[in-house]
Amino acid sequence: MATKNKDAVEFVKRWIDKGDEKQHSQLFWTDLLSNVLHSIVNNETVKFEYRVQLGHQSYIDVYLPDSRVIIEQKGSDIDLFKAAKQSDGTELTPFEQAKRYNVELPFSQKARWIVTCNFKSFLIYDMDQDLKGKDPVRIELEELPERINELQFLATFKDDKIIVEQKLSIKAGTLIGKLYDGLIKQYKDPKADNTLKSLNKLCVRLVFCLYAEDAGLFDRHDCHIFGNYIKNTETKNIRRALIDLFEVLNQKEDERDPYLDEELAKFPYVNGNLFKIVDPHTEEIPNFTDELKEILVTECSESFDWANISPTIFGAVFESTLNPETRRSGGMHYTSIQNIHKVIDPLFLDELKAEFEQIKQYKTDKKITQECNDFQNILLYPSFIRHLMKN
């Protein structure tokens, strides 16, 4: 038999017969968050009637920014599965209403969970999951004492590492967006499909170079190897310098020109075809301006540490900065770590894990060292990076 949470028992007693949406909503949620879940409750962690624009001004009933939760609260007489007419004439269920709010929020504010409630029932939707054809988790008010742990996600979650990563991801998106906006003006036909494909590929390559220099993948002793390469190049020659660099990065060291410029020769080979020029006639790189050089060297290379960004958010950064439609909507679609693993585990991660387990079985130090060095090289310059360039 499940142990009953005493605070939840008292909460149920206080709210069993109440349910007026206007009169009780804020009291209900303040009571639950503060006295049952023992969450931090203040104007920063809990926002009531949070404003959002839908072509007309609307309000989220309860928004928990730290926990990434949107709560759509209804009166006790409302069916949470039934659609109702909105002020703009559309008919939406409480979940659809909350989901519409979520679409309009920028990436840093998007909800991981949506909760609809009518004082008697809690319906929980995990936005990281595929919800098609699935019922939400349902908890009745009377069940709270035994199931309160299922609402722990509502409590304010403080994790310095995650908070830092979120801030860095927003900064990274801003930087690449700034670079993108400047570069697209340099193309002969900014609106052409080929231009957008070329620019997207160029931005992916530039971000890889920025990350690689900070993470020590290019040179462990020179964290500005890429930035200095651009810095030491005259603005009018940057286009040619990038073409030369990409060609070198796509060449194995023993296949390179023995008279290659020393500054270029310092860059290692990057396998996986990330830097392979498939068609030089269609993969355009425009000329740079002094302003673009300053952004790339000073703001992107010297003043920002790309190594501190979790690779799991790169997709969100790229989607927000490289996709004009997403950028116009003011947010980005975030692919959860769980969903990322559904793709990458069978693609290559399961194999890498199995290989690592095999290495752990070796007995001699010499064999272990040799295998670990080989394995490290695979991780540093993975062939599967070619998947970044497929689209």
Side-chain angles (χ1 to χ4, degrees), residues 107 168-187 190 192-215 217-218 225-227 229-230 238-239 241-251 267-280 282-288 292-293 295-297 299-301 304-327 332-335 340 343-344 347-348 380-391:
F107 167 71
L168 285 174
S169 72
I170 295 169
K171 176 64 174 176
T174 301
L175 287 174
I176 299 305
K178 189 174 182 180
L179 196 62
Y180 182 102
D181 289 339
L183 283 168
I184 198 168
K185 296 174 184 177
Q186 298 301 112
Y187 281 87
D193 289 342
N194 184 65
T195 294
L196 296 178
K197 290 179 181 179
S198 295
L199 178 53
N200 287 356
K201 185 172 287 189
L202 174 60
C203 286
V204 169
R205 287 170 170 167
L206 292 176
V207 168
F208 178 90
C209 290
L210 291 165
Y211 180 84
E213 69 172 354
D214 284 342
L217 301 183
F218 280 163
I225 181 174
F226 172 68
Y229 174 72
I230 301 299
I238 289 178
R239 176 181 180 274
L242 286 175
I243 293 173
D244 292 343
L245 175 61
F246 295 163
E247 289 178 352
V248 167
L249 290 173
N250 195 56
Q251 288 181 326
F267 286 90
Y269 165 62
V270 178
N271 69 6
N273 294 329
L274 174 62
F275 294 97
K276 182 179 180 180
I277 304 297
V278 179
D279 185 350
T282 59
E283 293 184 30
E284 298 180 59
I285 295 178
N287 289 314
F288 274 62
L292 282 169
K293 179 180 180 179
I295 294 171
L296 186 57
V297 173
E299 297 185 43
C300 293
S301 176
F304 189 77
D305 189 354
W306 293 83
N308 286 328
I309 292 184
S310 170
T312 59
I313 61 86
F314 273 162
V317 172
F318 286 136
E319 187 165 351
S320 69
T321 55
L322 308 186
N323 184 327
E325 291 301 323
T326 306
R327 295 180 67 197
M332 59 175 106
H333 171 74
Y334 177 71
T335 304
I340 288 173
V343 176
I344 69 173
L347 186 63
F348 60 83
L380 286 176
Y381 304 110
S383 61
F384 54 76
I385 200 168
R386 65 181 180 271
H387 293 283
L388 288 174
M389 305 306 299
K390 281 187 175 179
N391 296 318

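Between the side chain of Q186 and the backbone N or O of F288 there is no donor-acceptor pair closer than 3.5 Å. Between the side chain of Y187 and the main chain of A192, no donor-acceptor pair closer than 3.5 Å is present. Side chain of W306 to backbone of C300: a donor-acceptor contact under 3.5 angstrom is found.
Within the 4.5 Å cutoff, side-chain heavy atoms of L245 are placed close to those of F226. Counting only heavy atoms from C-beta outward, the side chains of L183 and L179 approach each other to under 4.5 Å. Proximity of T195 to P286: side-chain heavy atoms (C-beta onward) are nowhere separated by under 4.5 Å. The side-chain heavy atoms of F246 and L274, taken from C-beta on, include no pair separated by under 4.5 Å. Between D244 and V248 the shortest side-chain heavy-atom distance does not fall below 4.5 Å.
A distance of 13.5 Å separates NZ in K201 from CG in L206, rounded to the nearest 0.5 Å. Taking OG of S198 as the reference point, atom CG of D193 lies at 10.5 Å (rounded to 0.5 Å). Separating the CD1 atom in I225 from the CD1 atom in I230 is a distance of 11.5 Å, to the nearest 0.5 Å. We find the CG-CG distance between L175 and L210 to be 9.0 Å, quoted to the nearest 0.5 Å. Atom CG of N194 and atom CG of L199 lie 11.0 Å apart (nearest 0.5 Å). With rounding to the nearest 0.5 Å, the separation of CG in L292 from CD1 in I238 is 8.5 Å.
Annotation: side chain to side chain donor-acceptor pair (under 3.5 Å) contacts of N250 (sequence neighbours excluded): none. Under the rule for a side chain to side chain donor-acceptor pair (under 3.5 Å), the partners of E299 that lie at least two apart in sequence or sit in another chain are K178. Taking Y229 as the reference, F267 meet the ring-ring contact (aromatic ring centres under 6.0 Å, His included) condition, with sequence neighbours excluded.
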Dump the intermediate steps for side chain to side chain contact (heavy atoms under 4.5 Å, CB included) on L217 and V270, then the final yes or no. CA-CA 10 Å; L217 301 183; V270 178; over 6 Å; no

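Between A307 and Y211 the shortest heavy-atom distance is CA-CE1, 4.0 Å.
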